[in-house]
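The first residue of the sequence shown is numbered 1, and numbering continues consecutively from there. Each ligand, and each atom within it, is numbered from 1 in the order the structure gives.
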Amino acid sequence: MSTKMQMSMEVNGEARDLVVEPRTTLADALREECGLTGTRTGCEEGICGACTVLVDGEPVRACLQFAVQAHGREVTTIEGVREWKTLEALKAAMREHFAVQCGFCTSGFLMLAAGALTRKPDMSAAEIAEVAEMNLCRCTGYQPIVRAMQEAQASLKVAAQ
Ligand code: FES
Ligand code: FES
């Protein structure tokens with residue numbers, strides 16, 4: 001008897017009906033069932049944050065969630081936010097501040113930062129640093145990422161005036 005389960009979620013604005021094992025993670029469902037490989041899997045135990053996506057607008061570690069937990073919810077991955085001003089500002093700032101080296105962590109950082117800046121546009125410098133500490137980067141030393149988040153925040157404030 002199959003143990004698979006049916007589930008539906010909205011991914012990047014598109015309805016997805018999937019049949020998954022109960023233990024399939026959201027990260028694996030996005031990568032393997034939906035073909036959205038921009039969501040990276042690194043540690044697969046909730047530490048590195050490379051798998052960060054937004055579920056109903058909140059950054060979550062997709063390796064720690066079962067896919068079925070996203071049933072009925074809206075999931076946004078790095079592929080789904082091309083027109084999102086916050087993300088565009090972050091991408092530009094990360095390029096300018098050399099906050100990308102090997103790039104493995106980058107989609108997770110972008111989703112984390114975009115989710116955090118959307119939820120709280122007026123974060124303090126200390127809060128931005130705290131957000132950056134949530135994910136791991138083996139290359140950049142974090143300061144370029146923090147500076148990029150600060151610059152993105154400033155440019156979004158100017159654009160909103
Ligand atoms: S792969 Fe999910 S936190 Fe590292
Ligand atoms: S840029 Fe290489 S792990 Fe972050």
(request) May I ask you to decide whether Lys91 forms a salt bridge with Glu88, counting only side-chain N to carboxylate O separations under 4.0 Å? (result) yes
For residues 49-65, which side-chain N or O atoms pair as donor and acceptor with protein atoms under 3.5 Å away, sequence neighbours left out?
{"residue": "Thr52", "atom": "OG1", "partner": "Gly49", "partner atom": "O", "Å": "2.6"}
{"residue": "Asp56", "atom": "OD1", "partner": "Glu74", "partner atom": "N", "Å": "2.9"}
{"residue": "Asp56", "atom": "OD2", "partner": "Arg73", "partner atom": "NE", "Å": "3.1"}
{"residue": "Glu58", "atom": "OE1", "partner": "Arg119", "partner atom": "NH1", "Å": "2.8"}
{"residue": "Arg61", "atom": "NE", "partner": "Gly46", "partner atom": "O", "Å": "2.9"}
{"residue": "Arg61", "atom": "NH1", "partner": "Asn135", "partner atom": "OD1", "Å": "3.1"}
{"residue": "Arg61", "atom": "NH2", "partner": "Ile47", "partner atom": "O", "Å": "3.2"}
{"residue": "Arg61", "atom": "NH2", "partner": "Met134", "partner atom": "O", "Å": "2.4"}

(request) Would you mind listing every salt bridge (Lys or Arg N to Asp or Glu O under 4.0 Å) that reaches into residues 143-160, with sequence neighbours excluded? (result) none
(request) State whether a side-chain donor-acceptor pair under 3.5 Å links Asn12 with Thr76. (result) no
(request) Report, as a single number, the protein N, O or S atoms less than 2.8 Å from atom 2 (Fe) of ligand 1. (result) 2
(request) Taking the side chain as every heavy atom from C-beta outward, state whether Glu127 and Val131 have any pair of such atoms under 4.5 Å apart. (result) no
(request) Quick one: name the protein N/O/S atoms under 2.8 Å from atom 4 (Fe) of ligand 2, chain by chain. (result) Cys105 SG, Cys137 SG
(message) Against the six-membered ring of Phe104, is Arg40 placed for a cation-pi contact (under 6.0 Å from the centre, within 45° of the normal)?
(response) yes
(message) Would you say that Val100 contacts Thr140 through its side chain, given a criterion of any heavy-atom pair below 4.5 Å between the two side chains?
(response) no
(request) Please confirm whether the backbone N or O of Phe66 pairs with a side-chain atom of Gln69, one donor and one acceptor, at under 3.5 Å? (result) yes
(message) Could you check whether any side-chain N or O of Tyr142 sits under 3.5 Å from a backbone N or O of Cys137, counting only pairs where one atom can act as donor and the other as acceptor?
(response) yes
